[in-house]
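Data first, discussion second: the structure below is written as structure tokens.
Being a predicted model, the structure only gives us computed values, none of them experimental. We count residues from 1, following the sequence as given. Each ligand, and each atom within it, is numbered from 1 in the order the structure gives.
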Amino acid sequence: MKLTLLGVWGPFPAPDGGCSSYLVEDGDTKILLDCGSGALSKLRALYPDLPALDAIVLSHMHADHAGEIHLFRYMCEFGLMQSPLRVFSPETDKLRFPVFDPIQTTDGMQATVGSLTLRFTSVRHAVPTTGVRITDANGHSLFYTGDTGWFDGLIDAAKGADLLLADACLRDETNEKALKNHMTVAQVLSLRQQADCEAAILTHLFPDGAPYPPIIDRHVLYAAEGMQLTSRS
Ligand SMILES: [Zn+2]
Ligand SMILES: [Zn+2]
């Protein structure tokens with residue numbers, strides 16, 4: 001399984017950057033995880049001949065995660081991308097177009113996409129949001145939190161995953177309102193430790209303000225656009 005970070009910023013992009021978007025590949029299977037701003041252009045830069053996507057998984061419908069979904073609709077409508085295109089999302093009202101096959105995600109739901117197994121977990125955010133665990137045939141897995149505040153259920157959802165891809169945008173640990181919707185770096189480090197994940201990527205980075213504190217752990221990285229990680233075979 002290979003993960004490519006296309007866009008890593010939220011809730012708005014850094015200059016020349018993109019918002020949440022990640023490509024997961026396993027053999028011929030391709031899943032786009034979220035499609036914030038820049039997702040389509042970065043995917044086209046990566047694959048000038050657009051690849052067939054087996055599904056788009058939207059963690060939630062906030063613009064920094066789903067803002068470009070209708071650009072993918074246009075690509076389908078112009079016949080430049082195969083359709084119907086499966087789109088998983090906890091809210092499907094705005095996805096009812098002939099070129100989409102919308103599938104509503106719920107807590108505990110499982111699905112198979114090509115060679116990959118998906119398991120969704122409802123997380124804590126201002127709107128319905130599902131995190132997703134993606135597992136390949138070799139048992140390697142990643143858990144993507146989407147946007148979420150801390151809750152203990154994250155530990156079970158991420159338990160034993162090889163890679164934790166987690167919302168770590170919150171800089172102010174005293175902002176009670178924001179803590180309901182996002183996690184701090186310290187919370188993600190704690191989640192990685194409690195869930196026994198081999199590695200973690202801190203993403204959904206807030207683009208303005210002071211730099212994030214340094215990480216003293218070779219298994220934890222800040223997300224960077226273009227970064228690719230491949231699971232051991
Ligand atoms: Zn977000
Ligand atoms: Zn959000």
Side-chain angles (χ1 to χ4, degrees), residues 3-24 31-43 56-72 87-95 102 104-107 118 120-134 142-151 153-154 157-158 163-173 175-189 191 200-209 212 221-225 227:
L3 172 70
T4 303
L5 310 189
L6 300 175
V8 304
W9 303 102
F12 45 82
D16 288 329
C19 286
S20 298
S21 187
Y22 313 93
L23 181 66
V24 178
I31 296 175
L32 189 65
L33 264 186
D34 280 343
C35 57
S37 62
L40 185 52
S41 63
K42 296 205 172 173
L43 189 61
I56 295 178
V57 174
L58 300 176
S59 62
H60 62 303
M61 295 303 288
H62 277 161
D64 53 328
H65 298 257
E68 289 203 349
I69 188 63
H70 293 290
L71 305 188
F72 284 85
V87 183
F88 293 90
S89 172
E91 293 186 284
T92 55
D93 295 356
K94 297 190 173 92
L95 300 172
Q104 186 172 9
T105 56
T106 54
D107 190 44
L118 280 54
F120 297 91
T121 298
S122 293
V123 296
R124 304 286 163 82
H125 197 49
V127 299
T129 302
T130 45
V132 63
R133 186 178 183 119
I134 301 179
L142 70 84
F143 179 69
Y144 172 48
T145 64
D147 284 358
T148 185
W150 172 274
F151 67 105
L154 287 169
L163 181 68
L164 172 65
L165 178 61
D167 166 13
C169 79
L170 203 57
R171 294 166 180 276
D172 180 0
E173 301 184 10
N175 186 332
E176 291 290 329
K177 184 166 173 264
L179 278 165
K180 289 183 176 157
N181 292 307
H182 298 284
M183 288 190 285
T184 63
V185 169
Q187 286 176 317
V188 174
L189 295 179
L191 174 58
I201 293 184
L202 307 164
T203 194
H204 196 267
L205 303 174
F206 194 80
D208 285 15
Y212 284 83
L221 300 170
Y222 282 110
E225 289 168 4
M227 183 187 283

Self-check item: Modelled atom types, side-chain donor and acceptor of His182 and His125, under 3.5 Å
Solution: no
Quiz item: So, do Leu32 and Ser21 sit near enough that their side-chain heavy atoms are less than 4.5 Å apart?
Solution: yes
Quiz item: Near the Zn ion (ligand 1), is there an N/O/S atom from His60 that is less than 2.8 Å away?
Solution: no
Quiz prompt | Minimum-distance atom from the Zn ion (ligand 2) among N, O or S atoms of His62 | solution = ND1
Practice problem: Angle at the Zn ion (ligand 2): provide the value between NE2 of His125 and OD2 of Asp147, rounding to 10 degrees. | Solution: 100°
Practice problem: For residues Leu33 and Ser59, determine if any side-chain heavy atom of one lies less than 4.5 Å from a side-chain heavy atom of the other. | Solution: no
Quiz item: So, is His65 placed with an N/O/S atom under 2.8 Å from the Zn ion (ligand 1), counting both backbone and side chain?
Solution: yes
Self-check item: Atom nearest to the Zn ion (ligand 1) - Asp64, N, O or S atoms considered
Solution: OD2
Practice problem: Establish, from distance only, whether the side-chain atoms of Thr203 and Tyr22 form a donor-acceptor pair under 3.5 Å. | Solution: yes
Quiz item: Are Arg124 and Phe151 in a cation-pi contact, defined as NZ or CZ under 6.0 Å from the six-membered ring centre and within 45° of the axis?
Solution: yes
